[in-house]
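Contents: one structure, followed by commentary.
Note that the coordinates shown come from a computational prediction; the quantities given were computed from them, not determined experimentally. Lettering of chains follows the sequences in order, A, B, ..., and the numbering in each one begins at 1.
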Number of protein chains: 2
Amino acid sequence: MVAAESTQQVSALGRALLSVLCRREATGYELSRVMSTSTDYFWSARHSQIYAELARLEAAGLVRHTDIAAAGPRQSKRYAVTGDGRRSVLQWLRSEPEAHVDRDPVILRAHALWLLPPDEAAQVLAGIERASRERLALYQSFERALDEEGQGRVPGHPDFGSWATVRAGIEFHQGRLRWCRDVRRRLQQSEG
Amino acid sequence: MVAAESTQQVSALGRALLSVLCRREATGYELSRVMSTSTDYFWSARHSQIYAELARLEAAGLVRHTDIAAAGPRQSKRYAVTGDGRRSVLQWLRSEPEAHVDRDPVILRAHALWLLPPDEAAQVLAGIERASRERLALYQSFERALDEEGQGRVPGHPDFGSWATVRAGIEFHQGRLRWCRDVRRRLQQSEG
DNA sequence: ATGTGCATGTAAATGGTTACATGATTGT
DNA sequence: ACAATCATGTAACCATTTACATGCACAT
């Protein structure tokens with residue numbers, strides 16, 4: 001009964017959507033909100049991409065939808081992960097971690113930073129620092145909220161996944177702030 | 001004499017290429033090596049993308065090429081940044097830092113980690129940790145090499161940019177390793 | 001009446017990867 | 001002979017963003 005399509009490989013976006021649907025059923029609209037806000041900020045995608053990917057996942061037999069009433073010109077579709085969908089997520093989790101190419105504009109600025117005089121370079125760093133501090137504060141508030149709920153400490157509970165996600169964001173920005181401090185210090189060494 | 005095209009905005013890849021060309025003249029081939037190896041590993045791009053982008057930058061008047069002898073069926077082109085090109089890099093450096101969406105597969109795994117029993121989740125973390133340790137060691141060897149050259153401490157010298165870039169990579173992976181330790185600790189708390 | 005949120009989709013354009021294509025030089 | 005490195009480009013495809021399009025319900 002399982003379609004031949006289910007052997008096809010799932011895209012990273014597909015895995016992200018399946019990962020959310022393993023927690024709860026959702027409409028495409030709900031998924032698009034989860035992907036860009038709140039504790040679940042872990043993979044971003046626009047609705048245009050999400051609707052297309054859901055159709056692909058359904059063709060591959062990894063999700064299934066039921067029509068529900070909607071406030072709009074079209075019907076709404078509530079998506080649920082299938083057994084095959086859940087299995088494909090678990091199989092991916094157990095596979096070797098894939099290489100990641102990050103194209104971070106901050107790194108680009110770092111590479112070109114020598115072109116500016118030290119005082120202007122320091123201003124660039126200040127801008128990066130400010131943005132990182134804001135993000136860090138946001139993630140720390142997410143972590144506090146999860147800690148108060150209490151379920152973030154229980155492996156086997158979805159909140160554990162959310163906590164791990166938020167923690168990664170916190171650690172990232174703490175590292176970035178340390179970087180700002182290091183680079184700024186070296187700039188000052190040459191000035192003073 | 002400056003073309004109207006020069007007011008167009010430059011892509012992130014374009015800025016990365018200009019950033020390298022501000023250090024030294026280079027052929028497309030040399031740029032493609034710099035973008036994927038060694039100390040300058042800060043923005044990745046394949047040669048197919050680089051040749052196309054160089055043509056665009058030249059049309060916009062930001063780079064200029066001179067033909068040189070080459071070992072192959074075609075002539076080789078040595079690219080140099082123009083005054084306009086250099087100015088556009090400086091202008092970008094002084095602008096507000098842009099938002100960055102990072103789609104990191106490790107974060108995706110973090111989000112889904114609760115689906116695995118604690119012992120298997122620990123194995124996933126071990127795989128991530130191993131990969132991060134390797135990268136960290138590589139970046140640390142880059143930093144040592146830059147320290148020995150001595151120019152990495154001098155703002156105004158290209159090596160300062162390389163050092164800042166490498167430092168960011170080191171801080172990132174140190175943060176990631178801390179994250180692995182944190183998550184693993186929480187997994188063990190529930191087991192023991 | 002005006003805007004915001006719910007809810008879905010399509011189309012066009014840009015960014016990035018993979019594959020195809022060519023051919024000289026140098027080392028094994 | 002064969003592979004690796006130098007050196008350039010095109011074409012097809014996949015991923016992502018931006019823009020276009022529709023229309024109901026509810027609050028100001």
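- In this structure, A:M35 places its CE atom 15 Å from C1' of D:dT17, rounding to the nearest Å.
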Enumerate, atom names and distances included, each donor-acceptor pair closer than 3.5 Å involving a side-chain atom of residues 140-149 of chain B, sequence neighbours excluded.
| residue | atom | partner | partner atom | Å |
| --- | --- | --- | --- | --- |
| B:S141 | OG | B:L138 | O | 2.7 |
| B:E143 | OE1 | B:R167 | NH2 | 3.4 |
| B:E143 | OE2 | B:W163 | NE1 | 3.2 |
| B:E143 | OE2 | B:R167 | NE | 2.9 |
| B:E143 | OE2 | B:R167 | NH2 | 3.4 |

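- Contact between the side-chain N/O atoms of B:Y51 and the OP1/OP2 oxygens of D:dT8 is found at a separation under 4.0 Å.
- The neighbour count for A:R184 CZ, taken as heavy atoms of other residues, nucleotides or ligands under 6.0 Å away, is above 12.
- Distance, B:Q9 CD to C:dA13 C1': 13 Å, rounded to whole Å.
- For the pair B:R33 and D:dC6, the criterion of a side-chain N or O lying under 4.0 Å from OP1 or OP2 is met.
- B:H173 is linked by a ring pair (Phe, Tyr, Trp, His ring centres under 6.0 Å) to B:Y139, counting only residues two or more places apart in sequence or in another chain.
- Take A:Y29 and apply the ring pair (Phe, Tyr, Trp, His ring centres under 6.0 Å) test, not counting sequence neighbours, and it matches no residue.
- Between A:F42 and B:H111, the angle of the ring planes stays under 30°, which puts this pair in the parallel group of the 30/60° scheme.
- For the salt bridge (Lys or Arg N to Asp or Glu O under 4.0 Å) condition, the pairs that include at least one residue of residues 105-114 of chain A, sequence neighbours left out, are A:R109-B:E98.
- Grouping the Ile, Leu, Val, Met, Phe, Trp and Tyr side chains by contacts below 4.5 angstrom, directly or via other members, places A:I50 apart from A:I68.
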Output one line per pair: protein atom, nucleotide atom from nucleotides 14-16 of chain D, and distance, for all N/O pairs under 3.5 Å.
| residue | atom | partner | partner atom | Å |
| --- | --- | --- | --- | --- |
| D:dT16 | OP2 | A:Q49 | NE2 | 2.9 |
| D:dT16 | O5' | A:Q49 | NE2 | 3.4 |
| D:dT16 | O3' | B:R103 | NH2 | 3.2 |

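- Surrounding CZ of B:R178 are more than 12 heavy atoms belonging to other residues, nucleotides or ligands, all under 6.0 Å away.
- Separating the CD atom of B:E98 from the P atom of D:dT17 is a distance of 15 Å, rounded to the nearest angstrom.
- Nucleotide D:dG9 holds its P atom 10 Å from the CD atom of B:Q75, rounded to whole Å.
- We find that NE2 of B:H100 is positioned 15 Å from C1' of C:dG15, with the value rounded to whole Å.
- The distance between atom CG of A:L54 and atom P of C:dG9, rounded to the nearest whole Å, is 9 Å.
- Annotation: the terminal axes of the helix from C:dA1-D:dT28 to C:dT28-D:dA1 meet at 20°, where each axis is the rotation carrying the C1' atoms of four end pairs onto the next four (5 pairs per end, rounded to 10°).
- When the side-chain nitrogen and oxygen atoms of B:T27 are compared with OP1 and OP2 of D:dT8, one or more of them lie within a distance under 4.0 Å.
- Rounding to the nearest 0.5 Å gives a distance of 4.0 Å between CZ of B:R103 and OG of A:S44.
- Look at CD on B:E30: it is 10 Å from P on D:dC6, rounded to the nearest Å.
- The side chain of B:Y29 places an N or O atom within less than 4.0 Å of a non-bridging phosphate oxygen (OP1 or OP2) of D:dC6.
- Put simply, NE2 on B:H47 is 13 Å from P on C:dA19, counting in whole angstrom units.
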